[in-house]
Amino acid sequence: MKVVTGVVGNDIHVVANRLIDISLQERGFTVFNLGVNTYLEEFIDAVIETDADVLLVSSLNGEAEGWCRDLGILKSKFDLSGVVFMIGGNLSVGEVSTEEIIPKFQNYGFDLVSHQSDLNEGLDELEALLKERL
Amino acid sequence: MSKILIDIGSTYFKVSQDEGIAQYFRNFERNIYDDFQSRCGDLLSRYAKEDVHICSSANGGLSTLIIGLTHSFSLKYATNIAYNAGINIIDTVLYSHIHEYTPPQEQIDVVIIVGGIDGVKNIFDDTLLDYLKQINFHNIVYVGSDKSHSFMQENLENILILDNIINPKLQVRGEELKNFLTNLYQQDITGKEDIKHLYEFTSNQIYSTPYIVNRSMGMMHKTFEVADPFILIDIGGATTDIHYSRDLVVDNIVSESEYDRLVFKKLGVFKSRDSLVFSAKNNEFVYELLEFLNVTENILEEHSDNATKILMQLSIFLVLYKTSLHHNLYINLQLEKLNSIIFTGGITKVLQFEEVEMIVKFFCKKLLHFHQIPSLIIDDEYKIWTLGIKGSSHVS
Ligand code: B12
């Protein structure tokens with residue numbers, strides 16, 4: 001399975017990105033890592049060029065909302081029906097509850113939303129969903 | 001035996017011998033060959049054909065249409081490769097929106113189709129074929145996913161299939177396409193009536209001038225006191241080229257080339273003067289700049305030496321502006337990191353050092369908010385071009 005990953009917007013926190021790359025490879029995924037400072041359009045373009053199964057976006061600096069709001073518009077321009085969209089990291093600024101955050105990002109068009117949670121748990125969830133969809 | 005180097009430009013011929021460089025303004029009443037023969041025929045007869053090296057930008061280069069799957073990868077990579085191969089005229093079509101593009105009316109020299117890493121299936125269909133039926137092209141080349149090879153071969157006569165320019169890691173792999181385009185340019189020169197006769201004077205390849213200039217970038221430190229990273233701005237009569245070191249770009253192109261090229265086909269002071277003026281009038285900083293230069297906008301309509309100078313100054317400003325973060329181009333340069341700027345081309349014969357410096361100062365202060373400016377080098381002896389052409393003759 002092919003996964004496109006990277007850190008969205010003007011976000012330079014790179015540590016998680018490296019960990020995600022390694023963890024995904026260990027789990028047998030083919031990884032296309034666009035690194036930090038990646039715009040949503042580039043993510044979508046990478047999914048198209050690679051025919052990826054998953055887009056896994058990270059956001060750490062608190063700007064996720066601003067950078068991901070337009071996912072729905074972008075998704076509507078292309079046929080990306082088979083793709084799983086996932087986002088994780090620190091998805092808001094300050095103390096906002098996970099219960100509030102998850103539906104917001106689901107509304108933007110993400111299938112899986114993981115806020116300040118453990119990476120491995122998140123990736124387990126991803127694999128479970130992919131299995132289900134098969 | 002010494003060599004003679006010749007550059008056939010859109011406005012000048014330049015001739016370099018051991019004694020120095022001479023420059024001749026083109027006589028547009030005559031074709032290139034006759035004009036050249038009448039001015040330099042005697043001179044050339046003193047050299048053996050293998051000691052004559054010619055490069056040319058006079059034929060305007062190839063016109064290219066790129067059809068690609070996405071802006072961030074296929075179109076961007078192919079555009080980058082084409083510029084580096086010396087191509088000036090590039091139009092792009094985003095395949096998913098192909099029905100929104102009006103097919104070009106003019107003859108296209110080469111159509112490039114690209115999309116997908118190897119292994120990706122079902123990218124192109126009849127929509128592509130329908131679009132291509134409406135255009136008139138000489139060459140067509142496919143450089144996308146291997147899974148579309150048979151579709152292309154079955155449906156497009158004479159299509160050339162080359163290595164995918166997108167490698168399995170989604171990075172650019174440009175060598176094969178670049179070589180193809182460079183060779184096509186040679187064939188184009190050979191095919192163009194007035195240029196093909198130039199092979200009567202030389203037994204060496206006639207290269208495109210931008211290709212030669214790009215080659216000299218790596219040798220620049222031997223001749224000039226440049227500090228990395230630097231850019232080279234070549235302002236001529238028809239187009240303006242920028243050659244820049246890759247250290248100045250933050251993008252997703254992971255390429256092996258150290259220096260890339262970018263072209264502004266509409267910022268020349270002679271052949272594309274009208275579009276330069278148009279572009280200037282629409283720039284938010286230009287009126288302030290004209291005031292800074294102590295002239296009014298009426299100068300843009302004048303045809304005087306002073307007007308030419310001002311236009312050249314404007315063209316420097318616009319080129320810097322268009323590559324800066326203020327302007328959304330397919331590539332942006334981090335000009336705040338710049339340590340040197342080298343100027344070459346016709347501009348060096350018109351502007352004094354101080355006149356160039358003024359503009360760069362204005363740009364740095366206004367757009368980068370810097371009071372320091374990069375070191376400036378004016379290549380008024382056309383050393384860069386001779387460096388590149390000599391370098392290329394060693395290689396070939
Ligand atoms: C190191 C660091 C920096 C370094 C970054 C160096 C670098 N190049 O990576 C520097 C100093 C440059 C920096 C800058 C900034 N930082 Co900082 N930084 C940190 C810090 C201390 C550690 C981050 C880190 O590397 N952690 C280790 C990695 C492994 O953990 P992680 O990033 O949290 O990722 C884990 C999970 O989130 C998860 N994960 C991540 N993505 C995804 C995706 C999915 C799908 C899943 C399932 C899981 C997942 O997996 C990872 C492993 O478990 C954190 C605070 C902290 N202790 O977390 C702040 C922090 C991230 N930074 C913060 C901020 C605000 C900034 C700045 C805006 C500060 C400023 N005002 O200038 C800038 C932003 C610059 C920019 N443009 O992005 C805030 C973000 C606040 C928010 N989101 O609400 C934090 C949380 C600090 C804080 N508490 O305020 N920062």
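Chain A is the first sequence line, chain B the second, and so forth, proteins listed ahead of strands; every chain is numbered from 1. Note that the structure is predicted; figures quoted are calculated from it, not measured.
- In this model, no donor atom of one side chain and acceptor atom of the other lie less than 3.5 Å apart for B:S72 and A:E41.
- Here the CD1 atom belonging to A:I48 is positioned 13.0 Å from the OH atom belonging to B:Y95, to the nearest 0.5 angstrom.
- Taken to the nearest 0.5 Å, the NZ atom of A:K77 stands 6.0 Å off from the NE2 atom of B:H97.
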**Report entry** side-chain contact (heavy atoms from CB on, under 4.5 Å) between B:L170 and A:L34, intermediate numbers included
**Finding:** CA-CA 9 Å; B:L170 201 55; A:L34 306 184; 4.0 Å; yes
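- Neither the backbone nor the side chain of A:Y39 has a heavy atom closer than 4.5 Å to any heavy atom of chain B.
- In this structure, the separation between CG on A:N33 and NZ on B:K169 is 11.0 Å, given to the nearest 0.5 Å.
- No more than 12 heavy-atom neighbours from other residues, nucleotides or ligands sit within 6.0 angstrom of CD on B:Q372.
- Shown here for A:K2 and B:V120, the closest heavy-atom pair between the two residues is NZ-CG2, 4.2 Å.
- Atom CD of B:Q134 sits in a crowded spot, with more than 12 heavy atoms from other residues, nucleotides or ligands closer than 6.0 Å.
- More than 12 heavy atoms of other residues, nucleotides or ligands sit less than 6.0 Å from atom CG of B:D130.
- Checking side-chain atoms of A:E49 against main-chain N and O of B:L69 turns up no donor-acceptor pair under 3.5 Å.
- B:S96 and A:F78 get closest at one heavy-atom pair: OG-CE2, 3.5 Å.
- For the atom pair A:D51 CG and B:K147 NZ, the distance stands at 11.5 Å (nearest 0.5 Å).
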